[in-house]
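Report on the structure given below.
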2 protein chains.
Amino acid sequence: MKQAVAAVPNRRASRQAGRARLTSAESLGRTGLDLFIKYGFDNVTVEDISEAAGIGRRTFFRYFSSKNDLPWGDFDGLLLRMRSRLAEVPAETPLFDALRESVVDFNRFPEDEIPFLRQRMMVLLTTPTLVAHSALRYQDWRKVVAEFVAERLGVAWHSHIAITLGQVCLGISLSAYEEWLVDETLLLGELIDGGFHNVRAVFAG
Amino acid sequence: MKQAVAAVPNRRASRQAGRARLTSAESLGRTGLDLFIKYGFDNVTVEDISEAAGIGRRTFFRYFSSKNDLPWGDFDGLLLRMRSRLAEVPAETPLFDALRESVVDFNRFPEDEIPFLRQRMMVLLTTPTLVAHSALRYQDWRKVVAEFVAERLGVAWHSHIAITLGQVCLGISLSAYEEWLVDETLLLGELIDGGFHNVRAVFAG
DNA sequence: TTTCCATCGGCACTCTGTGCCAATAATATG
DNA sequence: CATATTATTGGCACAGAGTGCCGATGGAAA
């Protein structure tokens, strides 16, 4: 499997030579996600999406390197945000709080984007194919956490404790999403916060 | 994606009617894993494996429901073992210790199987396609842990805390394997144990 | 107008996974 | 021994994802 390098054509500053693009990753992603929600991920072919978007099947793969990547949107952008937030955490903040607050923060979205986020996560977490593919994206996310932990503790980013805490933070996030999708009245941030404290309670001995 | 129902033909008690099987899941798995190690997962086709095993391509899929499932061996059997071990833990044992010891125990294998385990895990954890597919197997594993936690705490198996601890235990296991594959001198059991204590240290506040 | 060039999309191909079904080879039965 | 039963096999055709190749398209720049 090819690494998910930027399949999105380089967005030109404003005007350059060459044919204009027919669509955008965002627009195409929206079109695809709608179809996934309506008919189910497995019942929608790349050809269906391309046709609905008015482009060729071949062109689809220039916007998304795979059908699986479509629902992820601009995840790399979010990773950059996560990295920045972590870097801003004061050195005095205990590691537990630094992680807890950063993870909560990473998953904070504007009120009006919540319904969209719910749709996206519902598809991502209930479609087996996508559950599987997600593991590849999570690798990147975990690395951001691990690097922060390593920096804090003065160890290598691939040291056991850094990797472990990356895994644990991811696990807490995912279980929060799972719960969040089931009960619409719950707040994502509070679920993540609660997850951190649940683990503390059980692990505190 | 289809759920991984038993693709392995029912093993007959000893003698029944019908044509005899040409191979076994174990033998076919060994053949395939050898090829994966030698040439890389992505450079080996199902046809290659089938040919090496002396069966038809179509028959391969009766032993393994997908190429991705081949390296997993009898994982369902291990899950049953994990469930039994958890059920045997005395009620007095604190949850932290119950989980820690059970996870360590789950990953304890006979000395002579270690090299094989290392090969298997190396392929599973370094091949992107398999890293992705593994997420589906991990779901089952996490559920076993979550059910135990739920039983212990008197909550539903899908409650937030049970799901979270399933995720966390998985995370600790995976980071231990990652470390274990890098440094051959380390013991898997000690890495897992260390992972639990690392998380305790950071989360204890 | 001509040149340049990013984007597009058709085509052919590989590989995974599946439904269908006849062929095979073993046991069970008359 | 001949025939019926049954589990397994494997060939064939097909859908769908993803890729390399390359000419066509339609903008901007010269």
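It should be emphasised that the depicted structure is a prediction, and the values quoted were computed from it without experimental measurement. The sequence lines fix the lettering, A, B, ..., with proteins before strands; numbering per chain opens at 1.
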(message) I need the CZ-C1' distance between Phe60(B) and dT8(D), as an integer number of Å.
(response) 17 Å

(request) Is it possible for you to check whether Lys143(A) lies under 6.0 Å from the centre of the six-membered ring of Tyr138(A), through NZ or CZ, and within 45° of that ring's axis? (result) no

(request) Would you mind checking if Asp34(B) and Lys38(B) are paired as a salt bridge, meaning a charged N to carboxylate O distance below 4.0 Å? (result) no

(message) Can you tell whether the side chains of Arg137(B) and Asp69(B) come within less than 4.0 Å, N to carboxylate O?
(response) yes

(request) Provide, to the nearest angstrom, the distance between the CZ atom belonging to Phe61(A) and the C1' atom belonging to dG20(D). (result) 14 Å

(message) Whole angstroms only, please: what is the CZ-P distance between Arg58(A) and dT25(D)?
(response) 18 Å

(message) Please report the distance, rounded to the nearest Å, between CD in Gln16(B) and P in dT27(C).
(response) 11 Å

(message) Can you measure Leu22(A) atom CG to dT7(C) atom C1' for me and round it to whole angstrom units?
(response) 8 Å

(request) Measure from the side chain of Thr45(A), starting at C-beta and using heavy atoms only, and say which of dT16(C), dT7(C), dG16(D) lies closest. (result) dG16(D)

(request) Could you check how far CD of Glu47(B) sits from C1' of dC12(D), rounded to whole Å? (result) 13 Å

(request) Report yes if at least one side-chain N or O of Tyr63(B) is closer than 4.0 Å to OP1 or OP2 of dT8(D); otherwise report no. (result) no

(message) Do Ser50(B) and Thr59(B) have side chains that approach each other closer than 4.5 Å (heavy atoms only, starting at C-beta)?
(response) no

(request) Measure the distance from CG on Asp42(A) to C1' on dT18(C) and round it to the nearest whole Å. (result) 14 Å

(request) Output the single nucleotide from dG18(D), dG10(D), dA7(D) whose closest atom is nearest the side chain of Thr59(B). (result) dG10(D)

(request) Output the single nucleotide from dT16(C), dT9(D), dT25(D) whose closest atom is nearest the side chain of Lys67(B). (result) dT16(C)

(message) Taking the minimum atom-to-atom distance to the side chain of Arg57(B), which one of dA26(C), dA24(D), dA13(D) wins?
(response) dA13(D)

(request) Specify the separation, in whole Å, of atom CZ of Phe41(A) and atom C1' of dG16(D). (result) 11 Å

(message) Closest approach to the side chain of Ser66(A), judged atom by atom: which nucleotide of dG18(D), dG26(D), dT18(C) is it?
(response) dG18(D)

(message) Could you check whether any side-chain N or O of Thr127(A) sits under 3.5 Å from a backbone N or O of Leu124(A), counting only pairs where one atom can act as donor and the other as acceptor?
(response) no

